[in-house]
Q: 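This is the structure I want to talk about, given as structure tokens.
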Amino acid sequence: MSEERSLNFIEDIIERDLKEGRVKSILTRFPPEPNGYLHIGHAKSICLNFGLGIKYGGKTNLRFDDTNPVTEETEYVESIKADVRWLGFEWANEFYASDYFEQLYGYAEKLIERGLAYVDDSTSEEIAEQKGTPTQPGRRNNYAERTPEENLQLFREMRAGTYPDGSKVLRIKGDMSSPNMLMRDPIIYRIKHAHHHRTGDAWCIYPMYDFAHGQSDSIEGITHSICTLEFVPHRELYDWLIEKLEIFPSRQYEFARLNMTYTVMSKRKLLQLVNEGNVESWDDPRMPTISGMRRRGYTAKSIRDFCDRIGVAKRENLIDLGLLEFFVREDLNKTALRRMAVLDPVKLIITNYEENKYELLPSENNPEMPEKGERMLHFGRELWIEREDFMEEASKKWFRLAPGSVVRLKSAYIVRCTGFEKDESGKLTTVMAEYIPESKSGSDTSGIHAKGTIHWISAPHAVTAEVRLYDRLFRVEDPSSEEGDFKSYINPDSLQIISKAYMEPDLLSAVPGVPYQFLRKGYFVLDSVHSKENHLVFNRTVTLKDTWAKEAKKG
RNA sequence: UGGCCUAUAGUAUAAUGGUAGUACGACAGAUUUUGGUUCUGUUUGUCUAGGUUCGAAUCCUGGUAGGCCAACCA
């Protein structure tokens, strides 16, 4: 799989750092905020960070960036850990920014003592107003004149809980006329009398991202701190703080985040879809979340291969959902057991086959893996076939059933269609055919060539199950870039429920996570949420490539 | 109207001053008891204008286009 490929720009940097001895070994980290579920964009970051650790014989930490107690929950921590593990990665250490609160507080006092930070009593509106604009410099207020002693006392009182939320902040004494807005005296501590999922009520002041992330990197000795492009402006502050604090010089590098067609990739928007009931949950199989994809039947390998292939660069991108599907099919084709299932059933009567007689016919479990063996299928007079496999008036390109046509029933006999019946409304109810006894699969002596092969299931032996077919969540390629509310571009037909499909009886023993290919219909997996012992529910992971559908569309 | 980041086939990504390549897609064909798989072939590209150089996708300058930055979010 991993044939030699050229390096991405981060690998270039790492190889140079290793070669020139700037670092002896590398240490990366995956640093999610536990305020939501991980999505495929995070998978790119996970594969990058952990992949680099593995590739260069280094290590990777999992660090929760839990500096904002009001948005973070233990539930998210657990789901994130499960998702990273499921993707196939193991972290060297599990850390939390909150582990470092005491140390970070010490750093802050150090800055105050050196006159590099001050306590500001302004409101957030005043601070914003004084900040200026990208084209106009900001101005500093009188609070910036406070002495280190004064600041130290105020900051200690902030920590002690003397002041209410929003009444004071600690700011860096930066450069109010910097073209980089982030350097204009950024806030590094704010007062929040809130319960933290790990530190409980021990703290009422919390560090901001810029005073936690880089410092955590340094504390852990992270050599290469890899983040997404929107943090580019933060790098100047990241480096400034390392220099002033005289701590381990981690370095930040930025890459372009993943965007994919027909979905959205921001936690805020995904949360909205969940909260407003557009999807069932974070792990709805239509969601671009890791948990949603897992439930849908995407494999960890296919996601890793995808992340590998899309590469790492600094250019904005919008990747075709079809590429992910390609890797899903590629993996599943090799591993999924073949089964027959009829989703939209119509009776097929083999008129010259004896009533109440059945025979058992073998069929391969996976043509890609002969060692997976065969299972036996019941064949008899009454079968279920797919409604779309019959056409009353067919063109010469039609290989399936039509009056007079000849097709192979997969792993069974060749049949010749002799007739059909419709109900009063004109809906097809039954197809009639005669089988050719000497055309039996494996020992075909009929000399007849059938152009098409269709799947089927013995009517008396079939079990029923619910099947859920999914389509893209949005009607447009890039919902976030369209006019107006992104939710107005939701695809109303993203979920189709088939309440009664017929399938092979051994599917009764299916378990979530084990993929099947329903012949000619796609890859399916048992749904981990809705499936019950007496009510099977299968999710369609992805369709098979369908060149016929494309041909038919051409007219 | 400031600063920063970016620009290579339809979509991604490589070529690190020296033959523009790879994957997906599309198209055509072969194989096939899944209109699947597999195999073969074809197709399409360096944003623009200058400059440096024997030689530029690559370096420089201007332009154009897209993205990011004015949260007590991360």
Side-chain angles (χ1 to χ4, degrees), chain A residues 3 5-9 12 31-33 35 65-68 70-72 120 122-124 127-129 131-138 165-171 178-182 184 187-192 205-206 208-210 212-213 227-236 254 256 261 267-268 306 309-320 322-327 329-330 333-334 338 340 363-364 367-368 397-400 407-412 414 439 441-442 444 450-455 517-522 543-552:
Chain A
E3 69 275 5
R5 194 165 318 140
S6 46
L7 304 180
N8 64 48
F9 78 99
D12 271 338
E33 181 188 13
N35 68 344
D65 233 336
D66 55 349
T67 56
N68 186 357
V70 303
T71 58
E72 296 152 8
D120 192 328
S122 306
T123 64
S124 55
I127 289 176
E129 192 272 322
K131 208 156 205 173
T133 68
T135 52
Q136 288 169 300
D165 288 8
S167 60
K168 283 180 170 52
V169 291
L170 184 70
R171 301 178 72 177
S178 170
N180 182 354
M181 298 296 291
L182 244 126
R184 325 247 266 224
I187 294 169
I188 58 171
Y189 266 94
R190 75 287 216 194
I191 301 171
K192 272 183 200 279
I205 57 170
Y206 291 93
M208 298 280 289
Y209 167 85
D210 285 299
H213 197 103
C227 61
T228 47
L229 244 27
E230 64 268 29
F231 291 98
V232 168
H234 294 252
R235 191 175 61 232
E236 187 178 354
E254 312 86 10
T261 55
K267 276 189 198 167
R268 203 196 94 244
F306 169 76
R309 185 66 228 180
I310 57 176
V312 177
K314 303 184 81 160
R315 165 169 36 151
E316 295 292 325
N317 57 74
L318 180 62
I319 295 184
D320 194 337
L323 185 63
L324 213 204
E325 293 183 336
F326 165 81
F327 287 105
R329 290 191 186 103
E330 183 183 59
N333 176 52
K334 290 183 191 125
R338 270 56 170 175
M340 293 206 263
S363 189
E364 72 272 21
E368 308 292 315
K397 283 182 174 172
W398 180 255
F399 299 165
R400 285 118 89 155
V407 305
R408 159 77 64 184
L409 297 177
K410 171 72 181 172
S411 295
I414 292 176
S439 68
S441 185
D444 190 344
K451 276 171 97 177
T453 300
I454 64 171
H455 61 283
Q517 183 194 101
F518 290 174
L519 240 58
R520 305 206 301 135
K521 300 310 294 181
T543 60
L544 259 22
K545 253 176 77 178
D546 192 347
T547 51
W548 165 248
K550 213 187 295 180
E551 184 66 33

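Every chain is numbered from 1, with letters handed out A, B, ... down the list of sequences. What you are looking at is a predicted structure, and each value in this text was computed from that prediction instead of being measured. What you see below is based on every heavy atom in this structure, not just the backbone, and it leaves out hydrogens, waters and symmetry mates.
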Q: Between A:Asp120 and A:Ser122, does the side-chain hydrogen bond (donor to acceptor under 3.5 Å, both in side chains) criterion hold? Intermediate values first, please.
A: CA-CA 6 Å; A:Asp120 192 328; A:Ser122 306; 2.6 Å; yes
Q: Say whether, by atom type as modelled, one donor and one acceptor occur between the side chain of A:Arg408 and the main chain of A:Ser439 under 3.5 angstrom.
A: yes
Q: Give one of base, sugar-phosphate or nothing for A:Gln517, where a contact means two heavy atoms less than 4.0 Å apart.
A: base
Q: Stem ranges for RNA chain B, with three or more consecutive Watson-Crick or G-U pairs under 3.5 Å?
A: B:2-7 with B:64-69, B:10-13 with B:21-24, B:26-30 with B:38-42, B:47-51 with B:59-63
Q: Please tell me which of A:Phe518 and A:Asn8 maps to the more 5' nucleotide of RNA chain B, matching each residue to the nucleotide holding its nearest heavy atom.
A: A:Asn8
Q: Give a yes/no verdict on base stacking between B:rG35 and A:Trp548: centres under 5.5 Å, planes within less than 30° of parallel.
A: yes
Q: Can a side chain N or O of A:Thr67 be found less than 4.0 Å away from OP1 or OP2 on B:rA74?
A: yes
Q: Select from A:Pro179 and A:Ile454 the residue whose nearest nucleotide in RNA chain B is closer to the 5' end of that strand.
A: A:Pro179
Q: What does A:Phe231 touch in the nucleic acid at a heavy-atom separation under 4.0 angstrom: a base, only the sugar-phosphate, or nothing?
A: base
Q: Give A:Val169 one of three labels, base, sugar-phosphate or nothing, depending on what nucleic acid heavy atoms sit under 4.0 Å from its own.
A: base
Q: Reckon A:His234 touches a base, only the sugar-phosphate, or nothing at all at heavy-atom distances under 4.0 Å?
A: base
Q: Which heavy atom of A:Leu7 sits nearest a heavy atom of A:Asp12, and at what distance?
A: CD1-OD1, 3.5 Å
Q: Rounded to whole angstrom units, what separation is found between the CG atom of A:Asp210 and the P atom of B:rC73?
A: 12 Å
Q: Base, sugar-phosphate alone, or nothing: which one does A:Lys545 contact when heavy atoms must sit under 4.0 Å apart?
A: sugar-phosphate
Q: Verify, without hydrogens or angle tests, whether A:Arg520 (side chain) and A:Leu544 (backbone) share a donor-acceptor contact under 3.5 angstrom.
A: no
Q: So, under a plain 3.5 Å distance rule, would you say the side chain of A:Glu368 forms a donor-acceptor pair with the base of B:rG36?
A: yes
Q: Taking only the C1' atom of each, what is the distance from B:rC24 to B:rU43 in whole angstrom?
A: 15 Å
Q: Answer yes or no: side-chain N or O of A:Arg329 and base N or O of B:rU37 forming a donor-acceptor pair under 3.5 Å.
A: no
Q: What integer distance in Å separates A:Leu318:CG from B:rG25:P?
A: 17 Å
Q: Indicate, with a heavy-atom threshold strictly under 4.0 Å, whether A:Glu33 touches base, sugar-phosphate, or nothing.
A: sugar-phosphate
Q: Looking only at side-chain N and O atoms, does A:Lys314 come under 4.0 Å of OP1 or OP2 in B:rU13?
A: no
Q: Starting at CG of A:Asn317 and ending at C1' of B:rA65, how long is that distance when rounded to a whole Å?
A: 17 Å
Q: Are A:Tyr209 and A:His234 an aromatic pair by the rule of ring centers under 6.0 Å?
A: yes
Q: Below 3.5 Å, does any donor atom in the side chain of A:Arg309 face an acceptor in the base of B:rU22, or the other way round?
A: yes
Q: Quick one: is B:rG36 close enough that its OP1 or OP2 comes under 4.0 Å of any side-chain N or O from A:Thr547?
A: yes
Q: Would you find a donor on one side and an acceptor on the other, under 3.5 Å apart, between the side chain of A:Arg184 and the backbone of A:Lys131?
A: yes
Q: Are A:Arg190 and B:rC73 close enough that a side-chain N or O sits under 4.0 Å from OP1 or OP2?
A: yes
Q: Tell me: CD1 of A:Ile187 to C1' of B:rA74, nearest whole Å?
A: 15 Å
Q: Indicate, with a heavy-atom threshold strictly under 4.0 Å, whether A:Pro367 touches base, sugar-phosphate, or nothing.
A: base
Q: Return yes if some donor-acceptor pair links the side-chain N/O of A:Arg329 with the main-chain N/O of A:Thr543 below 3.5 Å, else return no.
A: yes
Q: Please classify the nucleic acid contact of A:Val312 as base, sugar-phosphate, or nothing, using heavy-atom distances under 4.0 Å.
A: sugar-phosphate
Q: So what does A:Asn35 hit on the nucleic acid, given a heavy-atom distance under 4.0 Å: a base, only sugar-phosphate, or nothing?
A: nothing
Q: Taking CZ from A:Phe399 and P from B:rG36, how many angstroms apart are they, rounded to a whole number?
A: 10 Å
Q: How many Å lie between CG on A:Leu323 and P on B:rA12, as a whole number?
A: 11 Å
Q: Taking only N and O in the side chain of A:Lys550, is any of them less than 4.0 Å away from OP1 or OP2 of B:rA26?
A: yes
Q: If you measure from the Lys or Arg side-chain nitrogens to the Asp or Glu carboxylate oxygens, is any gap between A:Lys545 and A:Glu325 under 4.0 Å?
A: no
Q: Check if the side chain of A:Arg520 and the base of B:rU34 share a donor-acceptor pair of N or O atoms closer than 3.5 Å.
A: no
